[in-house]
Amino acid sequence: MDIKIKAYDKLPEDSKVIREEVFVVEQGFTEEFDTVDNRAIHFVAYDGSGSPMGTCRIFTEESDKIYYLGRLAVLKRFRKMNIGRSLLTFAEATARSKGADQIRLHSQLRAMQFYKKCGYEEYGEIELDEGCPHIWMKKIL
């Protein structure tokens with residue numbers, strides 16, 4: 001499958017649509033959009049015909065050496081096609097190009113094995129985010 005990933009410095013409509021479908025409609029989250037969206041770099045994966053398939057974002061907090069990845073979502077009909085891995089790899093390369101040496105993320109427990117396969121390791125305690133168990137994970141770039 002032909003995958004093209006585009007980066008945006010503001011939240012694109014395609015990301016909004018994907019995140020609403022995956023996190024709000026499918027998973028039942030209610031606090032999907034936040035102020036981080038205003039300062040994050042957003043990525044959208046498109047298929048060969050230009051249809052959006054998945055999205056994620058990266059941002060910094062206290063240090064440009066540590067980037068945070070979040071809101072990784074792939075539309076149901078495009079899952080199991082390596083879209084998530086492609087987005088993750090592209091986001092990591094972007095963070096690295098901006099001087100980052102580490103990426104952290106707050107993974108849903110059900111997604112933890114995916115991130116482990118991509119080189120992330122968990123740390124800290126399991127905590128609830130809108131009632132859904134999450135764990136912090138990190139990867140040295």
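One is the number of the first residue; the rest follow in order along the sequence. In what follows, every heavy atom counts, from backbone to side chain, and hydrogens, waters and symmetry copies are set aside.
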Any [X] side-chain heavy atom under 4.5 Å of [Y] side chain:
{"X": "Y115", "Y": "I135", "answer": "no"}
{"X": "F114", "Y": "Q108", "answer": "no"}
{"X": "Q27", "Y": "V22", "answer": "yes"}

Determine whether [X] and [Y] fall in the same hydrophobic cluster, where Ile, Leu, Val, Met, Phe, Trp and Tyr are linked whenever their side-chain heavy atoms lie under 4.5 Å apart.
{"X": "V44", "Y": "F59", "value": "no"}
{"X": "F90", "Y": "I58", "value": "yes"}
{"X": "L109", "Y": "Y120", "value": "yes"}
{"X": "L11", "Y": "I5", "value": "no"}

What's the spacing between [X] [atom1] and [Y] [atom2] if we round to 0.5 Å?
{"X": "K139", "Y": "I103", "atom1": "NZ", "atom2": "CD1", "value": "8.0 Å"}
{"X": "R104", "Y": "Y68", "atom1": "CZ", "atom2": "OH", "value": "4.5 Å"}
{"X": "L105", "Y": "M137", "atom1": "CG", "atom2": "CE", "value": "6.5 Å"}
{"X": "T60", "Y": "K65", "atom1": "OG1", "atom2": "NZ", "value": "12.5 Å"}
{"X": "H134", "Y": "E122", "atom1": "NE2", "atom2": "CD", "value": "14.5 Å"}
{"X": "I41", "Y": "T94", "atom1": "CD1", "atom2": "OG1", "value": "6.5 Å"}

task: Measure from NZ or CZ of K16 to the centre of the six-membered ring of F33 and say whether it is under 6.0 Å with the direction within 45° of the ring axis.
output: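 Checked: cation-pi criterion not met.
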If you draw a 6.0 Å radius around CG in D9, do more than 12 non-hydrogen atoms from other residues or ligands fall strictly inside?
->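 No, CG of D9 has 12 or fewer neighbouring heavy atoms, counting only those of other groups under 6.0 Å.
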**Request:** Could you walk me through whether L69 and C56 pass the side chain to side chain contact (heavy atoms under 4.5 Å, CB included) test, one step at a time?
**Result:** CA-CA 7 Å; L69 182 130; C56 69; 4.3 Å; yes
Worked check of side chain to side chain contact (heavy atoms under 4.5 Å, CB included) between V17 and E13: CA-CA 6 Å; V17 170; E13 190 62 31; 4.0 Å; yes
Reference residue D37; test salt bridge (Lys or Arg N to Asp or Glu O under 4.0 Å); the match among R19, R71, K10: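 When salt bridge (Lys or Arg N to Asp or Glu O under 4.0 Å) is applied between D37 and each of R19, R71, K10, only R19 qualifies.
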Contact summary for [X] and [Y], nearest pair of heavy atoms:
{"X": "I83", "Y": "A45", "result": "CG2-CB, 3.8 Å"}
{"X": "V74", "Y": "G84", "result": "CG2-N, 3.8 Å"}
{"X": "I3", "Y": "S86", "result": "CD1-OG, 3.7 Å"}
{"X": "I18", "Y": "A73", "result": "CG2-O, 3.7 Å"}
{"X": "A95", "Y": "L141", "result": "CB-CD1, 4.3 Å"}

State whether R85 and E92 are salt-bridged, where the test is any N-O pair (Lys NZ or Arg NE/NH1/NH2 against Asp/Glu carboxylate O) under 4.0 Å.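 Answer for the salt bridge query: no.
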message = Can you tell whether the side chains of R57 and D34 come within less than 4.0 Å, N to carboxylate O?
response =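 Here R57 pairs with D34 in a salt bridge, since their nearest N and O are under 4.0 Å apart.
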Report task. Output, in order, the C-alpha distance, side-chain angles, deciding distance and verdict of side-chain hydrogen bond (donor to acceptor under 3.5 Å, both in side chains) for Y8 and D14. Result -> CA-CA 11 Å; Y8 299 88; D14 289 335; 4.9 Å; no
Give a yes or no answer on whether the side chain of E130 reaches the backbone of E31 with a donor-acceptor pair at less than 3.5 Å.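 Confirmed, E130 side chain pairs with E31 backbone.
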**Item:** Side chain E21, main chain L75, donor-acceptor under 3.5 Å
**Value:**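 Here the side-chain-to-backbone pair does not exist.
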Hey, which of E121, E127, E125 is the one that makes side-chain hydrogen bond (donor to acceptor under 3.5 Å, both in side chains) with W136?
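That would be E127.
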